[in-house]
Amino acid sequence: MQFDAHIPAGPLTDKWDLHRFELKLVSPANKRKFEIIVVGTGLAGASASASLAELGYYVKTFCIQDSPRRAHSIAAQGGINAAKNYTNEGDSIWRLFYDTIKGGDYRSREANVYRLAQLSNNIIDQCVAQGVPFARDYGGLLANRSFGGSQVSRTFYARGQTGQQLLLGAYSALMRQVGAGMVTLMPRREMMDLVLINGQARGIVTRNLINGELESHAADAVVLCTGGYGNVYYLSTNAESSNVGAGFRAYRQGAMFANPCFTQIHPTCIPHTGDHQSKLTLMSESLRNDGRVWVPHNSGDIRDPQDIPEEDRDYYLEQKYPSFGNLVPRDVASRAAKAQCDSGKGVGLTRCAVYLDFADAIRRDGRETIAKKYGNLFDMYELISDDSPYEKPMMIYPASHYTMGGLWVDYNLMSTIPGLFVLGEANFSDHGANRLGASALMQGLADGYFIVPYTIGGYFAGTTLSPASSDHAAFKDSTLAARERINRLKSINGKRTVDNFARELGRVMWDYCGMSRDEQGLARALTLIQELRAEFWENVLVPGLDKDYNKSLEKAGRLADSLDFAEIMIYDALNRSESCGGHFRQESQTEEGEAKRDDENFSHVSIWEFTGSDQEPKMHKEPLEFENVELSQRSYK
Amino acid sequence: MKKLPKTINLTLKVWRQQQSEKKGHFENIATQNIAVHMSFIEMLDSVNEQLTLEGKDPIAFDNDCREGICGTCGAVVDGRAHGPQKATTLCQLHMRQFSDGDTIVVEPFRARAFKVVKDLVVDRSSLDKIMAAGGYISANTGGAPDGNAIPIAQEIAEKAMDAAACIGCGACVAACPSASAMLFVSGKVSQLALLPQGRPEAARRALNMVKTMDTCGFGNCSNHRECENACPKELSIINIARLNREYLKASFFSDAT
Ligand SMILES: Cc1cc2nc3c(=O)[nH]c(=O)nc-3n(C[C@H](O)[C@H](O)[C@H](O)COP(=O)(O)OP(=O)(O)OC[C@H]3O[C@@H](n4cnc5c(N)ncnc54)[C@H](O)[C@@H]3O)c2cc1C
Ligand code: FES
């Protein structure tokens, strides 16, 4: 199988411009003849739906939530990057490109990342025009902050609610098109399958989450914007409905999955307190700008943090990484916290936490200044943990947060299935093995506002589409298969609840395919997953009716997909015996215990092909070539 | 030393309504060993696990982010939208707010414009309809000027952000004696009217959003201020005053329809 990423020729800085010129256009009058399905209404889906409709395409937009405004993007806190260089610190498109490639540990495509950096500036302009209330300086100009260890201040933000405000901006653009009759909104729908006709993506089958009906929707192209799969770990910062299902269904239809083992574990989340827990709440990374991370020097020191004197505290990040200190990248910070807890120095109820202490910052800047910066985060922390970070250090621990892996796409964001485009967190394209803070929002909006509107036109103009309606036999087959699957889940009538299984899968993935991985553990995980899957299909208990609002049934279907998908993650993690970014293989570390890449053997995208149920997937490679940056070992000392 | 989290026993008096039923009823469910660290939603999860294992239909309720930002969750708890704690969504309400032996009454958000779907789940799509009628700035993708082309005074930007904090949960509607959506509408109208980018369409926006609010079956603002009290994001009724100003200005002085 050939993996042509269709990267345009020419110098890196001109590729996107040249490509846009070369892409064939669809005339305004002809755009009306095309109908596009967009699945998902997060930043990627909402921005794509709005922009495509503005161009004159008819769009049908789907989401699981009762309103498109509630997609998971709403929860992003920290901010969005752009290379505006408003702060005059020497930022540039090139620097943002370089930082993103390096931050991803050289496992992403130069051309994609460069384009992302270029478009970052347009995004900010677009959002301001939509009325996104970004933070501003006294002079009325846009404010910036430094985020996630970046050495320039290039992050734009709207208090601690940047994702919310960006999404509401995209949602309002979407609703404008709904009002104009160009977008038909389909909330409370779950995509159950992708439908192919003549090898092209031509529609989807959905389940109406209110009445359980299966519905067929035909179109000329399908755009998946269905988010990440961090919930494979059960406990994560993702929303309840975030799931891999749509991507996994497309994978089963022939779309290939890239780098599934590249997941991001975020270092600053509120630690878990017990088995009842359903999610882990993120505390924005911006807190590390002022907070100091520490654990007691001696394991078993259970004194209250205030009673532990300076000399008995280990500020391990500052010690180990004098130049970056508390601001080392996410993967490094997460692994360091795990190492402390593994060595018995963890704090809190479960001993699985480290302190993030603001006492020095409050002494230095005053409580008011700190409250202005982090007040809403401190309040949220107190609401959840019943402790005030003004008085007592926060407790934090890493949690599953983001997934860099996703469906493979070419430079046009098209998957290996013609007519199936994949945007946002659901694709694999820009973040390599580790995503930098404030760059997911940027990517989702770049994909939706500024890339797919052009590239989908190029696809339509260069392809022949036979007429296809939802009466086509392919829709009937997919509907039948979806119905059978639902019936099967309902008929098992076993003894274990869906959540109970989901929790166990999460534990296996966290223990063996989480912050650190090794061959033996991964092999064990494979067996455990297979056993759990077998038990699931014999012993799951799904209450309620099929033709009804039924959350248990929804979750059961998603978990069934996760149980299959988890296995592909393991295969990928096993196969990639190097460490890179968030993928840390015990076997591949430097003398100091840092991730050690193996560029000779692993400078490629690993791409997985579905070969049949219960069959081992087949791996392909897309080699990564670096012409503009020099590969170096990341060092944050 | 490991301290075990405290647990409490509760009785839930919870609204049950099948989709086929016009009217529902309260059901009492006794539940034990609820850890006080749980959120209200996690408590409902654990009750649902119990119901499932007993072969009963779990309580239907909406939720998603579980961190107070998506606006999906919501129920009236002991007579108050999102429960007793101020500025807190149901998913962020923790069980330490309750005491051992409490009976907690849980009902859906009720309003003429919010039909009950099932148990605690209601249909809030009318809020989307109001947004489609004008809750936007008509700025097509592409032609935007540089983000810093128009400076906006910091206090104005802050006020716009205050108004934009609405999560669209509908608690204001549920709390209002006339089931009005004025706080919801006023948040968006204020945000966009405060910003220079939003001025060109300000009149049309105010008129059309209010008109759609009326046709969706929401009531009129009766100045009870219950909305402000119930709002998990503490949106101020100053926004309603601003909306009224925008609306009057638009009705009298503009050609917009
Ligand atoms: C707590 C948190 C904080 C974050 N903070 C930041 C930050 O500060 N900066 C940053 O850059 N990034 C941040 N991120 C990451 C970023 O928010 C996400 O990567 C990004 O928003 C994903 O957007 P998306 O449009 O790809 O998908 P999502 O927003 O996840 O949307 C997915 C959509 O797909 C729909 N969907 C899924 N499956 C189906 C199906 N089967 N059928 C129908 N519809 C379906 C859902 O309903 C939803 O509408 C954060 C993430 C989290 C969890
Ligand atoms: S579930 Fe998102 S606000 Fe409560």
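Keep in mind the model is a prediction, meaning the values are calculated, not measured. Here is the naming used below: chain letters follow the sequence lines, and residue numbers restart at 1 for every chain.
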Would you kindly say whether [X] and [Y] are connected by a side-chain donor-acceptor distance under 3.5 Å?
{"X": "A/Thr497", "Y": "B/Glu49", "result": "yes"}
{"X": "A/Arg176", "Y": "B/Ser138", "result": "yes"}
{"X": "A/Asn211", "Y": "B/Gln19", "result": "no"}

Can you establish whether the number of heavy atoms outside B/Lys86 located under 6.0 Å from its atom NZ is more than 12?
yes

Is the number of heavy atoms from other residues, nucleotides or ligands within 6.0 Å of CD1 (B/Ile238) greater than 12?
no

Side chain, backbone, both or neither of [X] within contact of chain A (heavy atoms, under 4.5 Å):
{"X": "B/Ser125", "result": "neither"}
{"X": "B/Asn33", "result": "neither"}
{"X": "B/Ala157", "result": "both"}

What's the shortest heavy-atom distance between [X] and [Y], and which atoms?
{"X": "B/Met131", "Y": "A/Ser172", "result": "CE-CB, 4.3 Å"}
{"X": "A/Ala158", "Y": "B/Met161", "result": "CB-SD, 4.1 Å"}
{"X": "A/Lys551", "Y": "B/Phe61", "result": "NZ-O, 3.7 Å"}
{"X": "A/Glu54", "Y": "B/Thr141", "result": "OE1-N, 2.7 Å"}
{"X": "B/Val122", "Y": "A/Arg188", "result": "O-NH2, 3.4 Å"}
{"X": "A/Val128", "Y": "B/Gly147", "result": "CG1-O, 3.9 Å"}

Go through the steps for B/Lys233 and A/Gln161 under the test side chain to side chain contact (heavy atoms under 4.5 Å, CB included), then give the verdict.
CA-CA 12 Å; B/Lys233 297 295 146 182; A/Gln161 289 117 279; 5.5 Å; no

Check: B/Asp64 side chain, A/His72 main-chain N or O, donor-acceptor pair, under 3.5 Å:
no

Using a cut-off of under 4.5 Å for heavy-atom pairs, which of [options] has the most such pairs with chain B?
{"options": "A/Gln65, A/Gln164, A/Arg159", "result": "A/Arg159"}
{"options": "A/Pro187, A/Gly274, A/Ala180, A/Ser385", "result": "A/Ser385"}
{"options": "A/Leu174, A/Leu55, A/Ile210, A/Asn238", "result": "A/Ile210"}

[atom1] of [X] to [atom2] of [Y]: how many Å apart, nearest 0.5 Å?
{"X": "A/Gln126", "Y": "B/Asn140", "atom1": "CD", "atom2": "CG", "value": "8.0 Å"}
{"X": "B/Glu67", "Y": "A/Ile270", "atom1": "CD", "atom2": "CD1", "value": "9.0 Å"}
{"X": "A/Asp66", "Y": "B/Asp62", "atom1": "CG", "atom2": "CG", "value": "5.5 Å"}
{"X": "B/Thr7", "Y": "A/His276", "atom1": "OG1", "atom2": "NE2", "value": "11.5 Å"}
{"X": "A/Glu240", "Y": "B/Ile41", "atom1": "CD", "atom2": "CD1", "value": "8.5 Å"}
{"X": "B/Thr88", "Y": "A/Met380", "atom1": "OG1", "atom2": "CE", "value": "12.0 Å"}

Check whether [X] gets within reach of chain B through its side chain, its backbone, both or neither, counting any heavy atom under 4.5 Å.
{"X": "A/Ser67", "result": "both"}
{"X": "A/Ser73", "result": "neither"}
{"X": "A/Lys84", "result": "side chain"}

Who wins among [options] for the most heavy-atom pairs under 4.5 Å with chain A?
{"options": "B/Pro196, B/Ser46, B/Gly71", "result": "B/Gly71"}
{"options": "B/Thr52, B/Leu192, B/Leu194, B/Asp45", "result": "B/Thr52"}
{"options": "B/Pro145, B/Gly143, B/Gly55", "result": "B/Pro145"}
{"options": "B/Glu42, B/Met43, B/Glu155, B/Lys118", "result": "B/Glu42"}

Checking an interface table here. Which of residues 90-97 of chain B come within a heavy-atom distance under 4.5 Å of chain A?
B/Gln92, B/His94, B/Arg96

Please examine the side chains of [Y] and [X], heavy atoms only from C-beta on, and report whether any two atoms are closer than 4.5 Å.
{"X": "A/His272", "Y": "B/His37", "result": "no"}
{"X": "B/Gln191", "Y": "A/Leu168", "result": "no"}
{"X": "A/Leu383", "Y": "B/Gln85", "result": "yes"}

Residue-level contacts of residues 130-137 of chain A with chain B, using a heavy-atom cutoff under 4.5 Å
A/Gln130, A/Gly131, A/Pro133, A/Phe134, A/Arg136, A/Asp137

Determine, stepwise, if the pair A/Ser278 / B/Arg66 fulfils side chain to side chain contact (heavy atoms under 4.5 Å, CB included).
CA-CA 9 Å; A/Ser278 63; B/Arg66 301 192 169 206; 2.6 Å; yes

Would you call B/Asp128 and A/Arg70 a salt bridge, taking side-chain N to carboxylate O under 4.0 Å as the test?
no

Which is it for B/Asp146 and A/Tyr86 under the side chain to side chain contact (heavy atoms under 4.5 Å, CB included) test, yes or no, and what are the steps along the way?
CA-CA 11 Å; B/Asp146 185 86; A/Tyr86 284 157; 2.6 Å; yes

